Participant: 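Supplied in structure tokens, the structure appears directly below.
As a basis for the values below, the full set of heavy atoms in this structure was taken, side chains included, without hydrogen atoms, waters or symmetry mates. In this chain, numbering begins with 1 at the start of the sequence shown. These numbers come from a predicted model, not from an experiment.
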Amino acid sequence: MIRARNIRKRAALAATSTGLALALVSGCGDGGGSPAADSLTRTSAGPSVTDTAPAVPTTDPPPPAPTSAPTPTPAPSPPPTPTATATAAPSPVRPTSGPPAPPSTAPPAATPTTRPSTPTPTRAVTPTKAATTAPPADGASSLWGRQYQGTTRVTVQLYDYCSPNGARQPAGSQTYSIPTSLSVARPREAGGLRENNPFALLLSVGRPTQTGAFTLGTSVAVAAGSGQLLLTYWKLSWDSGTLRGQLTDNHVREAAALNLVNWATLLVPCRPELGTLPGGMPHSVAVGASLSEKLTAASTSLTAKGASDDGLVEFTFEFSGSH
């Protein structure tokens with residue numbers, strides 16, 4: 001920058017005083033004539049001077065010298081030495097990775113020992129067998145094997161789902177009498193288990209295929225693989241000649257429904273004018289049906305209430321029979 005300024009000053013002085021330019025030329029020791037001075041002034045005042053002005057930015061290369069100044073940044077290289085100390089930290093990690101291997105092998109050995117212990121509680125089925133083989137209530141065993149015959153008066157309330165909004169609605173009622181038989185047997189046994197009731201009851205109201213017929217049973221033995229399976233439907237209680245019971249499981253999910261009401265079914269739902277299926281259709285009795293009975297060695301009087309599982313039939317009946 002200083003050189004450019006001097007050159008400009010010299011060019012101005014050369015323009016105002018040729019003599020001064022000659023003096024400057026002579027002061028430089030060239031010893032030549034004025035033509036040399038003219039050439040000097042031309043070169044100093046000509047465009048080449050302005051061309052050298054861009055060279056002034058070339059004096060900016062001193063910036064590279066400042067770039068060398070950043071080389072002190074290697075001085076911050078001391079931080080790498082802290083990172084070297086950080087690498088020393090992983091050494092504690094190695095001891096932690098070593099111990100996990102022994103504990104991981106120890107648990108597998110422990111789990112097999114605990115699993116064998118779980119099967120033992122499941123084998124404790126013997127207490128349940130002892131409970132089911134408990135003796136019946138006093139006086140009940142004297143009635144085992146008896147058969148009672150009589151008549152049942154049945155009242156049925158019918159329903160359908162033919163309302164405009166598809167809701168359940170009454171569809172008439174019927175009352176009728178039908179011959180009935182009641183079998184009282186010892187509690188049924190199958191598959192190493194025994195029915196936990198004072199009796200095994202089977203009530204047949206009419207013939208099974210007859211419209212309006214009912215079948216109520218407390219238990220049944222069904223084939224299961226190479227043996228038999230005991231299914232219990234009712235929970236009975238016995239107290240000095242009074243029997244009460246409730247249907248606790250209809251076993252519909254096992255396709256083993258025993259408690260049924262046989263009722264006429266329309267050929268086309270909500271179109272009674274088209275007729276019904278011949279012989280009716282069995283409907284499973286819903287859980288919650290109940291019965292109560294006075295039972296002696298000579299006679300019986302039984303009342304039952306319930307509904308079909310599909311809600312189409314509600315029933316109440318009274319049975320009177322004798323031995």
Side-chain angles (χ1 to χ4, degrees), residues 134-159 172-188 194-220 231-251 257-263 280 282-309 311-323:
D138 293 341
S141 59
S142 64
L143 301 176
W144 293 349
R146 292 187 175 269
Q147 299 283 335
Y148 299 83
Q149 303 292 329
T151 302
T152 297
R153 183 172 177 83
V154 182
T155 299
V156 172
Q157 174 65 56
L158 303 175
Y159 295 88
S173 63
Q174 294 186 26
T175 300
Y176 55 92
S177 296
I178 190 168
T180 302
S181 66
L182 173 65
S183 172
V184 180
R186 66 183 303 139
R188 188 169 278 103
R194 181 175 178 173
E195 178 180 356
N196 193 19
N197 282 320
F199 312 99
L201 297 183
L202 180 61
L203 180 68
S204 299
V205 181
R207 299 187 310 275
T209 58
Q210 180 181 356
T211 299
F214 290 83
T215 301
L216 301 182
T218 60
S219 64
V220 69
L231 299 179
T232 301
Y233 300 82
W234 291 77
K235 176 62 178 175
L236 303 179
S237 64
W238 169 258
D239 183 17
S240 302
T242 299
L243 181 67
R244 290 184 175 85
Q246 185 173 27
L247 181 63
T248 57
D249 194 338
N250 57 15
H251 291 287
L258 174 64
N259 294 263
L260 304 168
V261 50
N262 194 57
W263 202 258
H283 302 256
S284 63
V285 177
V287 170
S290 63
L291 65 82
S292 61
E293 181 178 13
K294 290 290 185 179
L295 185 61
T296 68
S299 64
T300 181
S301 176
L302 181 148
T303 299
K305 295 180 180 180
S308 62
D309 221 10
L312 296 178
V313 181
E314 286 184 358
F315 61 86
T316 300
F317 61 76
E318 296 177 356
F319 166 61
S320 296
S322 60
H323 174 60

Participant: Check whether any side-chain heavy atom of Asp249 lies under 4.5 Å from a side-chain heavy atom of Thr232, and answer yes or no.
Facilitator: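 The answer is no, as the side chains (C-beta and beyond) never meet within the 4.5 Å cut-off.
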Participant: Does the side chain of Thr218 reach to within under 4.5 Å of the side chain of Leu201, using non-hydrogen atoms?
Facilitator: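 Result yes, sub-4.5 Å side-chain heavy-atom pair found.
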Participant: Any side-chain heavy atom of Phe214 sitting closer than 4.5 Å to one from Thr152?
Facilitator: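 No, side chains not in contact.
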Participant: Considering only heavy atoms from C-beta outward, does the side chain of Thr300 approach that of Leu182 to under 4.5 Å?
Facilitator: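 Touching, per the 4.5 Å side-chain cut-off.
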Participant: At their closest point, which heavy atom of Arg186 faces which heavy atom of Ala200, and how far apart are they?
Facilitator: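 Closest heavy-atom pair between Arg186 and Ala200: O-CB, 3.4 Å.
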Participant: Say you draw a straight line from OG of Ser219 to NE2 of His251; how long is it, rounded to the nearest 0.5 Å?
Facilitator: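 Result: 9.5 Å between the selected atoms.
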Participant: Is it true that the side chains of Thr242 and Glu293 contain a donor and an acceptor less than 3.5 Å apart?
Facilitator: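 There is no such pair between these side chains.
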Participant: Is the side chain of Gln157 donor-acceptor paired with the backbone N or O of Gly172 at a distance under 3.5 Å, no angle test?
Facilitator: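 It does hold such a pair.
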Participant: Say whether, by atom type as modelled, one donor and one acceptor occur between the side chain of Glu195 and the main chain of Pro187 under 3.5 angstrom.
Facilitator: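 No, because the side chain of Glu195 does not come within donor-acceptor range (under 3.5 Å) of the backbone of Pro187.
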Participant: Test Arg153 against Phe317 for side chain to side chain contact (heavy atoms under 4.5 Å, CB included), laying out the working first.
Facilitator: CA-CA 5 Å; Arg153 183 172 177 83; Phe317 61 76; over 6 Å; no
Participant: Locate the shortest heavy-atom distance separating Leu312 from His283; write the atom from each residue and the value.
Facilitator: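 So the two residues come closest at CD1-CE1, 4.2 Å.
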Participant: State, to 0.1 Å, how close Ala213 and Arg207 come at their nearest heavy-atom pair, and which atoms those are.
Facilitator: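 Closest heavy-atom pair between Ala213 and Arg207: CB-O, 2.9 Å.
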Participant: Just so I know, are the side chains of Leu295 and Leu143 near enough to count as touching, which here means a heavy-atom distance under 4.5 Å?
Facilitator: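 Of all side-chain heavy-atom pairs linking Leu143 with Leu295, at least one is under 4.5 Å.
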Participant: Would Trp263 and Leu158 satisfy side chain to side chain contact (heavy atoms under 4.5 Å, CB included), going step by step from the backbone distance to the final call?
Facilitator: CA-CA 10 Å; Trp263 202 258; Leu158 303 175; 3.2 Å; yes
Participant: Please walk me through it: do Val313 and Val156 pass side chain to side chain contact (heavy atoms under 4.5 Å, CB included)?
Facilitator: CA-CA 7 Å; Val313 181; Val156 172; 3.5 Å; yes
Participant: State the OG1-CG distance between Thr215 and Leu203, to the nearest 0.5 angstrom.
Facilitator: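 Between atom OG1 of Thr215 and atom CG of Leu203 there are 8.0 Å.
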Participant: Less than 3.5 Å apart, any donor N or O on the side chain of Ser181 or Gln149 sitting next to an acceptor on the other?
Facilitator: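 The answer is no; no qualifying pair exists.
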Participant: How about Trp234 and Leu291: do any of their side-chain heavy atoms sit closer than 4.5 Å?
Facilitator: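 Trp234 vs Leu291: side chains touch.
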Participant: For Arg244 and Ser237, test the side chains for any donor-to-acceptor distance below 3.5 angstrom and give the result as yes or no.
Facilitator: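 Per modelled atom types, Arg244 and Ser237 side chains form no pair under 3.5 Å.
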Participant: Would Lys235 and Gln246 count as a side chain to side chain contact (heavy atoms under 4.5 Å, CB included) if you check the C-alpha gap in whole Å, the side-chain angles of each, and the deciding distance to 0.1 Å?
Facilitator: CA-CA 6 Å; Lys235 176 62 178 175; Gln246 185 173 27; 5.5 Å; no
Participant: Any non-hydrogen side-chain atom of Tyr233 less than 4.5 Å from a side-chain atom of Leu247?
Facilitator: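 They are in contact (side-chain heavy atoms under 4.5 Å apart), so the answer is yes.
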Participant: How long is the straight-line distance from OG of Ser177 back to CD of Glu318, given to the nearest 0.5 Å?
Facilitator: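 That separation rounds to 10.5 Å.
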Participant: Taking atom CZ of Phe199 and atom CZ of Arg146, what is their separation to the nearest 0.5 Å?
Facilitator: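 It comes to 10.5 Å.
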Participant: Any side-chain donor paired with an acceptor under 3.5 Å for Gln147 and Ser183?
Facilitator: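 Gln147 vs Ser183: donor-acceptor pair found between side chains.
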Participant: At what distance, to the nearest 0.5 angstrom, does CG of Asn250 lie from CG of Leu258?
Facilitator: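 Nearest 0.5 Å value for the CG-CG distance: 10.5 Å.
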Participant: Return yes if a side-chain donor-acceptor contact under 3.5 Å exists between Asn197 and Trp238, otherwise no.
Facilitator: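 Not at all, the side chains of Asn197 and Trp238 share no donor-acceptor pair under 3.5 Å.
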Participant: Looking only at heavy atoms, what is the nearest atom pair of Ala297 and His323, with distance?
Facilitator: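 Where Ala297 meets His323 most closely, the heavy atoms are O-CB, 3.4 Å.
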Participant: So among Val261, Ile178, Thr316, which one has a side chain to side chain contact (heavy atoms under 4.5 Å, CB included) with Val154?
Facilitator: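 Testing each of Val261, Ile178, Thr316 against Val154, the sole residue satisfying side chain to side chain contact (heavy atoms under 4.5 Å, CB included) is Ile178.
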Participant: Of all the heavy-atom pairs spanning Ala140 and Pro198, show the shortest one and how long it is.
Facilitator: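 It is CB-CB, 4.0 Å.
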Participant: What pair of heavy atoms forms the shortest contact from Asn262 to Pro282, and how long is it?
Facilitator: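 Minimum heavy-atom contact is OD1-N, 3.2 Å.
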Participant: Are the side chains of Ser284 and Leu260 in contact, using a 4.5 Å heavy-atom criterion?
Facilitator: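 Leu260 vs Ser284: side chains touch.
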